[in-house]
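Okay, so here's the structure we're looking at.
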Amino acid sequence: MPPVIDREKCTACGACAEYCAEDVFFGSEEGDVPQVSYPEFCAHCSCCVYACPAEAIRLRIPLPMQLLYKDPVRAV
Ligand code: SF4
Ligand code: SF4
(Lines give C-alpha, C1' and ligand atoms only; values in the text may rest on other atoms or scores of the structure.)
(Ligands and ions follow the chains in the order given, each with its own letter.)
Protein backbone atom coordinates (compact mmCIF):
# COMPACT_ATOMS: atom_id res chain seq x y z
CA MET A 1 0.00 0.00 0.00
CA PRO A 2 1.17 3.49 -0.65
CA PRO A 3 2.93 5.85 1.65
CA VAL A 4 0.67 8.51 3.12
CA ILE A 5 2.00 12.04 3.33
CA ASP A 6 0.79 14.36 6.05
CA ARG A 7 0.40 17.58 4.10
CA GLU A 8 0.47 19.64 7.29
CA LYS A 9 3.94 18.36 8.21
CA CYS A 10 5.46 18.08 4.73
CA THR A 11 7.93 20.84 3.89
CA ALA A 12 8.09 19.82 0.21
CA CYS A 13 11.82 19.15 0.42
CA GLY A 14 11.62 16.36 -2.16
CA ALA A 15 13.80 13.89 -0.25
CA CYS A 16 11.23 11.09 -0.41
CA ALA A 17 10.92 11.33 -4.18
CA GLU A 18 14.68 11.41 -4.51
CA TYR A 19 15.23 8.32 -2.37
CA CYS A 20 12.42 6.14 -3.71
CA ALA A 21 13.97 3.55 -5.98
CA GLU A 22 10.57 2.47 -7.28
CA ASP A 23 9.55 5.92 -8.56
CA VAL A 24 6.34 5.84 -6.55
CA PHE A 25 6.43 9.65 -6.51
CA PHE A 26 7.07 9.95 -10.25
CA GLY A 27 6.04 13.26 -11.74
CA SER A 28 6.10 15.19 -8.48
CA GLU A 29 6.85 18.86 -8.91
CA GLU A 30 9.83 20.38 -7.14
CA GLY A 31 8.68 22.62 -4.30
CA ASP A 32 5.28 20.92 -3.99
CA VAL A 33 4.07 18.17 -1.70
CA PRO A 34 4.97 14.98 -3.63
CA GLN A 35 2.19 13.04 -5.26
CA VAL A 36 1.90 9.28 -4.85
CA SER A 37 1.64 8.49 -8.55
CA TYR A 38 2.33 4.75 -8.55
CA PRO A 39 1.27 3.36 -5.18
CA GLU A 40 1.22 -0.18 -6.56
CA PHE A 41 4.98 -0.01 -7.11
CA CYS A 42 5.73 0.59 -3.44
CA ALA A 43 8.06 -2.10 -2.08
CA HIS A 44 7.56 -1.04 1.58
CA CYS A 45 11.28 -0.48 1.97
CA SER A 46 10.71 2.48 4.33
CA CYS A 47 13.41 4.58 2.63
CA CYS A 48 11.06 7.51 2.17
CA VAL A 49 9.95 7.29 5.80
CA TYR A 50 13.50 7.55 7.07
CA ALA A 51 14.54 10.11 4.47
CA CYS A 52 11.79 12.49 5.51
CA PRO A 53 13.17 15.13 7.87
CA ALA A 54 9.67 16.20 8.85
CA GLU A 55 8.42 12.72 9.84
CA ALA A 56 5.53 13.35 7.47
CA ILE A 57 5.27 9.89 5.87
CA ARG A 58 3.45 6.89 7.19
CA LEU A 59 3.48 3.53 5.44
CA ARG A 60 0.38 1.43 5.26
CA ILE A 61 1.43 -2.18 5.23
CA PRO A 62 -1.14 -4.43 3.50
CA LEU A 63 -2.97 -6.68 5.95
CA PRO A 64 -1.68 -9.98 4.51
CA MET A 65 1.89 -8.67 4.85
CA GLN A 66 1.56 -7.43 8.39
CA LEU A 67 2.24 -10.82 9.95
CA LEU A 68 5.62 -11.14 8.28
CA TYR A 69 6.60 -7.51 7.80
CA LYS A 70 9.80 -6.34 9.42
CA ASP A 71 10.88 -2.76 9.14
CA PRO A 72 14.02 -3.04 6.99
CA VAL A 73 15.84 -0.31 8.91
CA ARG A 74 14.86 -1.16 12.45
CA ALA A 75 15.38 -4.90 11.78
CA VAL A 76 19.15 -4.37 11.29
S1 SF4 B 1 8.46 2.65 1.03
FE2 SF4 B 1 10.17 2.51 -0.44
S3 SF4 B 1 9.22 1.90 -2.35
FE4 SF4 B 1 7.57 2.64 -1.03
S5 SF4 B 1 7.34 4.81 -1.56
FE6 SF4 B 1 8.77 4.69 0.18
S7 SF4 B 1 10.83 4.63 -0.73
FE8 SF4 B 1 9.34 4.14 -2.34
S1 SF4 C 1 10.64 13.93 2.51
FE2 SF4 C 1 8.93 14.46 3.86
S3 SF4 C 1 8.96 16.68 3.99
FE4 SF4 C 1 10.22 16.11 2.23
S5 SF4 C 1 8.78 16.19 0.49
FE6 SF4 C 1 8.77 14.08 1.23
S7 SF4 C 1 7.05 13.99 2.69
FE8 SF4 C 1 7.53 16.16 2.35
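Just so you know, ligand 1 is whichever comes first in the structure, and atom 1 is the first atom listed for that ligand.
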Just how far is it from atom CD of Glu18 to atom CD of Glu30, taken to the nearest 0.5 Å? 9.5 Å
Contact atoms of ligand 2, heavy-atom distance to Ile57 under 4.0 Å: 7 (S)
Check each atom of ligand 2 against the heavy atoms of Thr11 and keep those under 4.0 Å away; list them by number with element. 3 (S), 8 (Fe)
State, with a plain yes or no, whether a side-chain heavy atom of Cys16 is found less than 4.5 Å away from one of Pro3. no
Considering non-hydrogen atoms only, spot the tightest contact between Cys42 and Leu59 and give its length. SG-CD2, 4.3 Å
Protein residue, atom and distance nearest to atom 4 (Fe) of ligand 2, heavy-atom basis: Cys13 SG, 2.3 Å
Proximal atoms of ligand 1 relative to Glu22 (non-hydrogen, under 4.0 Å): 3 (S)
Going only through I, L, V, M, F, W and Y residues with side-chain contacts under 4.5 Å, is there a path from Val33 to Phe26? yes
Between Val33 and ligand 2, find which residue part has any heavy-atom pair under 4.0 Å and reply side chain, backbone, both or neither. neither
Are any of the side-chain heavy atoms of Cys20 and Phe41 separated by less than 4.5 Å? no
With a 4.0 Å cut-off on heavy atoms, is Phe41 in contact with ligand 1? no
May I ask you to identify the nearest protein heavy atom to atom 2 (Fe) of ligand 1, giving residue, atom name and distance to one decimal place in Å? Cys45 SG, 2.3 Å
Between Val49 and ligand 1, which part of the residue brings a heavy atom under 4.0 Å of the ligand: side chain, backbone, both or neither? neither
Can you report which non-hydrogen protein atom sits closest to atom 3 (S) of ligand 1, along with the distance? Ala43 N, 3.3 Å
Nearest heavy-atom neighbours spanning Ala54 and Lys9: CB-O, 3.4 Å
For Cys10, counting its heavy atoms only, list the atoms of ligand 2 lying under 4.0 Å from any of them. 3 (S), 5 (S), 7 (S), 8 (Fe)
Looking only at protein heavy atoms, which one is nearest to atom 8 (Fe) of ligand 1, and what is the separation? Cys20 SG, 2.4 Å
Is the distance between atom 2 (Fe) of ligand 1 and the nearest N/O/S atom of Cys42 smaller than 2.8 Å? no
Count I, L, V, M, F, W, Y as connected when their side-chain heavy atoms are under 4.5 Å apart, and connections chain through other members. Are Tyr19 and Val24 then in the same cluster? no
So with a 6.0 Å cut-off around CD of Gln35, is the heavy-atom count from everything else above 12? yes
Determine whether the side chain, the backbone, both or neither of Pro2 has a heavy atom under 4.0 Å from any heavy atom of ligand 1. neither
Cys47 heavy atoms, cut-off 4.0 Å: which ligand 1 atoms fall inside? 7 (S)
Find all atoms of ligand 2 within a distance of less than 4.0 Å from any non-hydrogen atom belonging to Gly14, and give their numbers and elements. 4 (Fe), 5 (S)
State, to 0.1 Å, how close Pro2 and Pro39 come at their nearest heavy-atom pair, and which atoms those are. CB-CB, 3.3 Å
Nearest-option assignment for atom 7 (S) of ligand 1, heavy atoms, candidates Cys16, Cys52, Cys48: Cys48
Do me a favour and list the nearest non-hydrogen protein atom to atom 5 (S) of ligand 1 with residue, atom name and distance? Pro3 CG, 3.6 Å
Heavy-atom closest contact (Pro34 atom, Ser28 atom, distance): CA-OG, 3.5 Å
Give the numbers and elements of all ligand 1 atoms closer than 4.0 Å to a heavy atom of Leu59. 1 (S)
